[in-house]
2 protein chains.
Amino acid sequence: MRVRLEDVARATGVSPKTVSRVLNEEPSVKEATRQKVLAAMESMNYRPSPAARGLAGSRSFLVAMLYDNNDNPASTYLAEIQDGVLDSCEAHRYSMMVCPLRMRGKDFVRRVDALVTDHHIDGVVLTPPLTDNRKLLARLQEHGVAYACISPVRHKDVVGVFMDEQKAASDLVTHLVGLGHRCIAHVVGIADHGASRWRQAGYKAALTAAGLAIDPQYIVQGGFTFGSGVVAARQLFTLKRRPTAIFAANDDMAAGVMWTANEIGLKVPRDLSVCGFDDTPMATQLWPSLTTVRQPSREMGRLAAQQLLLQLRGRGDARLVQIPYELQLRASTAAVPD
Amino acid sequence: MRVRLEDVARATGVSPKTVSRVLNEEPSVKEATRQKVLAAMESMNYRPSPAARGLAGSRSFLVAMLYDNNDNPASTYLAEIQDGVLDSCEAHRYSMMVCPLRMRGKDFVRRVDALVTDHHIDGVVLTPPLTDNRKLLARLQEHGVAYACISPVRHKDVVGVFMDEQKAASDLVTHLVGLGHRCIAHVVGIADHGASRWRQAGYKAALTAAGLAIDPQYIVQGGFTFGSGVVAARQLFTLKRRPTAIFAANDDMAAGVMWTANEIGLKVPRDLSVCGFDDTPMATQLWPSLTTVRQPSREMGRLAAQQLLLQLRGRGDARLVQIPYELQLRASTAAVPD
DNA sequence: AGCAAAAATGACAGCGCTGTCAAATTTCGA
DNA sequence: TCGAAATTTGACAGCGCTGTCATTTTTGCT
């Protein structure tokens with residue numbers, strides 16, 4: 001029925017162990033032998049049994065993508081990252097599991113234990129805000145499970161991928177300033193997310209650099225959701241000196257801001273400039289199309305997984321890769337008229 | 001280190017095989033024994049090794065969610081279904097893998113072979129348009145892999161979940177007629193998708209029922225993407241008798257239509273009513289919010305997986321579940337003024 | 001009470017691979 | 001040319017569980 005390693009061994013005239021060595025790319029196999037075995041594997045269409053490898057060996061060739069689905073119900077962001085991770089996994093014949101975790105709740109870390117123990121996971125890709133959960137990281141280390149992070153807050157001794165979000169946010173706000181805006185508000189994301197911190201810091205840095213004061217009234221809390229953008233915008237619109245531009249910490253909230261602007265009859269960008277962050281598909285689908293910062297989620301997923309696999313396969317130095325950002329200046333921002 | 005089945009057996013004073021029986025919910029175990037074993041498992045925090053179970057037994061407790069990622073790059077629709085499938089899997093201690101498949105290309109079916117053979121997959125959840133790929137279904141049957149379908153075209157001998165999309169579309173268009181619209185256009189989805197066929201059929205049925213003629217000019221081809229909605233709308237807007245309402249076969253295309261309306265200065269819903277289908281998150285985030293049909297993707301994923309597991313666990317009759325639709329009448333549709 | 005049938009349990013091999021360690025082969029310097 | 005070291009290969013056990021089949025215990029009936 002199934003072609004087993006033993007079959008390949010017999011066909012090649014070597015021992016099963018040698019075939020195993022070839023399969024696992026172990027060093028001490030004579031080149032001629034390796035070629036013979038490889039050829040036999042190919043022609044017999046041999047495919048190793050993950051179950052057997054996992055059971056017998058110390059590796060499972062399984063990686064998991066972990067995410068917090070308290071704050072992230074089925075977002076495009078995660079779907080794209082997942083696609084990227086999958087890409088890298090397939091390239092190296094690893095399999096991927098997706099594991100939503102509810103970061104709130106006591107059994108959160110135990111879920112990880114279960115996962116890791118059950119499936120013998122070799123490594124995980126962590127998405128924010130899991131990337132900086134101390135307990136989680138500690139637990140993974142205890143289990144000897146490697147991990148790569150996407151946009152982690154702490155960069156020390158971490159492998160993965162990140163973007164200079166603060167600089168990007170700063171550039172974006174500087175662009176608003178360049179358009180003549182002086183009253184620029186900011187809708188903050190979920191408090192303890194790195195993304196919120198960096199984007200807010202960038203906002204402040206740009207204002208300061210432009211010699212503008214930072215008005216606490218112009219900084220309102222949001223939660224990365226469309227709805228929270230609506231709430232924040234309503235609050236901002238009641239201010240006596242209404243902002244002429246609003247920088248929302250992500251596209252969803254920016255969409256909420258634009259929606260609210262429409263609701264009260266403000267015309268974007270004539271009466272109000274709006275910009276977001278992430279460049280989700282929605283950004284180009286809104287009217288007017290949204291000025292934002294491109295964050296290539298899929299590529300980030302791919303790179304993070306790539307670094308993780310580098311580590312797992314003992315192939316040289318995995319590192320924290322920086323990925324460039326890109327401003328997307330579109331129709332939702334314009335010069336302030338006077 | 002790890003708690004094994006044997007450890008539980010020793011602690012309980014029974015043979016490993018009996019513990020195995022309890023684990024697999026086999027019938028012939030005395031209730032008292034079962035309870036003892038269950039208690040021991042619990043207190044020892046025993047978790048079976050999926051690798052060992054897969055290797056030794058005939059089941060892997062693994063299901064895969066298959067989708068075609070040629071036409072579906074990282075959509076919310078799939079992400080939600082995935083969430084739902086995951087829900088059901090976890091409820092029954094099954095694991096899930098996600099498997100993008102490129103339906104174009106020769107090795108498409110071989111990818112499935114690989115998947116199934118490699119991981120010994122017990123069953124798969126199929127999403128459109130995979131649900132009706134004859135070759136795929138045949139191959140799965142050959143492999144003895146059970147499957148459940150989400151919105152399959154053919155309903156005969158199929159397990160899974162579906163909605164009466166034709167009726168829903170018809171209701172929606174009837175609603176437009178009720179608002180006084182007589183020139184109602186339709187943007188069709190990808191040609192061979194069931195969704196496209198049903199929605200178009202519903203459109204036609206509603207017009208016919210209302211005694212309105214079906215004008216081929218008012219039916220334009222789209223591809224389920226925002227961009228294709230834009231293209232379709234531009235085409236419709238050049239017509240001498242411009243439609244007063246456009247029913248797009250999904251929300252993405254409806255968003256494209258609305259975007260294009262904005263582009264040429266048409267005000268929705270004053271100058272044009274627009275409606276979509278699916279009720280993606282975007283529907284409420286557009287301005288004006290989109291009239292559409294609610295399709296509970298997550299619930300559908302959950303139900304499909306549930307039926308699949310019913311089948312896998314030999315628990316009675318899995319079937320094709322019908323799920324009710326729900327019209328979401330929002331701000332993008334209004335009475336035609338005269 | 002006694003026996004056949006049914007129910008419950010156990011012994012044992014083996015799923016397909018890898019880790020350990022020993023054996024065979026090759027390489028290389030003197 | 002020979003021996004020690006390095007390289008390459010192989011034998012074998014066992015990972016944690018389940019399938020098969022044998023054995024023991026219980027049940028139901030006369």
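On a predicted model such as this, the values are computed, not experimentally measured, just so you know. So you know, we letter chains A, B, ... as the sequences are listed, proteins then strands, and number each from 1.
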Integer-rounded Å distance: D:dC17 P and B:Phe61 CZ: 12 Å
A:Ser28 vs D:dA6: side-chain N/O to OP1/OP2 distance below 4.0 Å: no
Test log, rule side chain to side chain donor-acceptor pair (under 3.5 Å), inputs B:Ser95 and A:His119: CA-CA 9 Å; B:Ser95 299; A:His119 291 281; 2.8 Å; yes
Over-ring placement of B:Arg4 relative to B:Tyr46, 6.0 Å and 45° cut-offs: no
Salt-bridge criterion met for B:Arg102 and B:Asp68 (N-O under 4.0 Å): no
DNA chain C contacts made by residues 46-58 of chain A, counting heavy atoms under 4.0 Å: A:Tyr46, A:Pro48, A:Ser49, A:Ala52, A:Arg53, A:Ala56, A:Gly57, A:Ser58
Pairing of B:Arg298 and B:Asp87 as salt bridge, 4.0 angstrom limit: yes
Residues from residues 111-123 of chain B lying under 4.0 Å of DNA chain C - heavy atoms: none
Any N/O donor-acceptor pair, A:Arg21 side-chain to D:dG10 base, under 3.5 Å: yes
Between the first and last five pairs of the helix from C:dA1-D:dT30 to C:dA30-D:dT1, the angle of the axes, rounded to 10 degrees: 20°
Distance below 4.0 Å between A:Thr18 side-chain N/O and D:dG10 OP1 or OP2: yes
Between C:dT9 (P) and B:Lys17 (NZ): distance, integer Å: 13 Å
Residue-phosphate contact under 4.0 Å: A:Ser20 side-chain N/O, C:dT18 OP1/OP2: yes
